[in-house]
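Accompanying notes for the structure given below.
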Amino acid sequence: MPIVRHVLEQGALQADGGRQCTVRMYDQFDQEYTQSFYAPAQFDINARIASMKVEVNEQLMANELEELLATALPAAAQTVK
(Lines give C-alpha, C1' and ligand atoms only; values in the text may rest on other atoms or scores of the structure.)
Protein backbone atom coordinates (compact mmCIF):
# COMPACT_ATOMS: atom_id res chain seq x y z
CA MET A 1 0.00 0.00 0.00
CA PRO A 2 2.32 2.78 -1.08
CA ILE A 3 1.66 6.45 -0.56
CA VAL A 4 0.34 7.70 -3.88
CA ARG A 5 -0.37 11.36 -3.12
CA HIS A 6 -0.09 13.98 -0.44
CA VAL A 7 -1.54 17.35 0.50
CA LEU A 8 0.49 20.01 2.32
CA GLU A 9 -1.30 22.47 4.59
CA GLN A 10 0.81 25.39 5.81
CA GLY A 11 -0.10 27.59 8.74
CA ALA A 12 0.36 31.34 8.88
CA LEU A 13 3.88 32.71 8.63
CA GLN A 14 5.23 33.34 12.13
CA ALA A 15 7.34 36.30 13.28
CA ASP A 16 10.48 34.15 13.11
CA GLY A 17 9.75 33.18 9.50
CA GLY A 18 8.64 29.64 10.30
CA ARG A 19 5.28 27.99 9.96
CA GLN A 20 3.37 24.93 11.12
CA CYS A 21 2.94 22.31 8.40
CA THR A 22 0.53 19.39 8.20
CA VAL A 23 1.06 16.71 5.58
CA ARG A 24 -1.81 14.41 4.68
CA MET A 25 -0.56 11.35 2.82
CA TYR A 26 -2.87 8.88 1.09
CA ASP A 27 -2.28 5.26 0.10
CA GLN A 28 -3.76 3.46 -2.90
CA PHE A 29 -6.95 2.79 -0.91
CA ASP A 30 -7.26 6.49 -0.02
CA GLN A 31 -6.48 5.88 3.64
CA GLU A 32 -5.04 9.01 5.21
CA TYR A 33 -1.82 9.24 7.24
CA THR A 34 -1.26 12.64 8.82
CA GLN A 35 1.91 14.14 10.25
CA SER A 36 2.65 17.67 11.41
CA PHE A 37 5.88 19.56 12.00
CA TYR A 38 7.19 23.05 12.52
CA ALA A 39 9.25 24.35 9.60
CA PRO A 40 11.66 27.14 10.56
CA ALA A 41 12.57 29.85 8.06
CA GLN A 42 14.56 28.55 5.07
CA PHE A 43 13.56 24.95 5.91
CA ASP A 44 13.37 22.52 2.96
CA ILE A 45 9.75 21.42 3.35
CA ASN A 46 9.82 19.24 0.19
CA ALA A 47 12.80 17.26 1.48
CA ARG A 48 11.00 16.68 4.78
CA ILE A 49 7.87 15.50 2.96
CA ALA A 50 9.94 13.10 0.82
CA SER A 51 11.52 11.70 3.99
CA MET A 52 8.12 11.33 5.66
CA LYS A 53 6.75 9.45 2.65
CA VAL A 54 9.70 7.04 2.73
CA GLU A 55 9.15 6.41 6.45
CA VAL A 56 5.41 5.83 6.04
CA ASN A 57 5.96 3.56 3.02
CA GLU A 58 8.47 1.47 4.99
CA GLN A 59 6.04 1.13 7.89
CA LEU A 60 3.16 0.21 5.56
CA MET A 61 5.34 -2.40 3.86
CA ALA A 62 6.35 -3.90 7.22
CA ASN A 63 2.71 -4.00 8.36
CA GLU A 64 1.60 -5.66 5.14
CA LEU A 65 4.37 -8.26 5.41
CA GLU A 66 3.37 -9.04 9.01
CA GLU A 67 -0.24 -9.49 7.92
CA LEU A 68 0.77 -11.80 5.07
CA LEU A 69 2.99 -13.90 7.33
CA ALA A 70 0.32 -14.10 10.02
CA THR A 71 -2.16 -15.54 7.53
CA ALA A 72 0.38 -17.75 5.72
CA LEU A 73 1.92 -19.41 8.78
CA PRO A 74 -1.28 -21.04 10.09
CA ALA A 75 -2.06 -22.31 6.58
CA ALA A 76 1.48 -23.70 6.22
CA ALA A 77 1.21 -25.44 9.60
CA GLN A 78 -2.00 -27.17 8.52
CA THR A 79 -0.41 -28.55 5.34
CA VAL A 80 2.54 -29.99 7.32
CA LYS A 81 0.30 -32.21 9.45
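Just so you know, these numbers use all the heavy atoms, side chains as well, and skip hydrogens, waters and symmetry mates. For clarity, every value in this text was computed on a predicted model and none was experimentally measured.
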- prompt: Taking only residues at least two apart or on different chains, which pairs with a member in residues 58-73 satisfy salt bridge (Lys or Arg N to Asp or Glu O under 4.0 Å)?
  reply: none
statement: When rounded to the nearest 0.5 Å, the distance separating CD1 of Ile3 from CZ of Arg24 is 13.5 Å
pair Gln35-Thr22: side-chain heavy atoms closer than 4.5 Å: no
Please tabulate, for the side chains in residues 40-47, all donor-acceptor contacts under 3.5 angstrom to protein atoms that are two or more places apart in sequence or on a different chain.
| residue | atom | partner | partner atom | Å |
| --- | --- | --- | --- | --- |
| Asp44 | OD1 | Asn46 | N | 3.4 |
| Asp44 | OD1 | Ala47 | N | 3.1 |

field: Transitive ILVMFWY side-chain link Met52 to Leu8, under 4.5 Å
entry: yes
field: Test log, rule side-chain contact (heavy atoms from CB on, under 4.5 Å), inputs Val7 and Val23
entry: CA-CA 6 Å; Val7 175; Val23 180; over 6 Å; no
query: What pair of heavy atoms forms the shortest contact from Gln31 to Asp27, and how long is it?
result: N-OD1, 2.9 Å
message: Counting C-beta onward and ignoring hydrogens, is there a side-chain heavy-atom pair between Gln59 and Asn57 closer than 4.5 Å?
response: no
message: Can you tell me how far apart CG (Leu60) and CE (Met25) are? Round to the nearest 0.5 Å.
response: 9.0 Å
query: Is there a salt bridge (Lys or Arg N to Asp or Glu O under 4.0 Å) between Asp30 and Arg5 once you walk through the steps?
result: CA-CA 9 Å; Asp30 214 32; Arg5 65 185 177 91; 2.7 Å; yes
Name the atoms and distances for all side-chain donor-acceptor pairs under 3.5 Å in residues 12-21, with sequence neighbours left out.
| residue | atom | partner | partner atom | Å |
| --- | --- | --- | --- | --- |
| Gln14 | NE2 | Ala12 | O | 3.0 |
| Asp16 | OD1 | Gly18 | N | 2.9 |
| Asp16 | OD1 | Tyr38 | OH | 2.7 |
| Asp16 | OD2 | Tyr38 | OH | 3.0 |
| Arg19 | NE | Gln10 | OE1 | 3.3 |
| Arg19 | NH1 | Gln10 | OE1 | 3.3 |
| Arg19 | NH1 | Gly11 | O | 3.3 |
| Gln20 | NE2 | Phe37 | O | 3.3 |

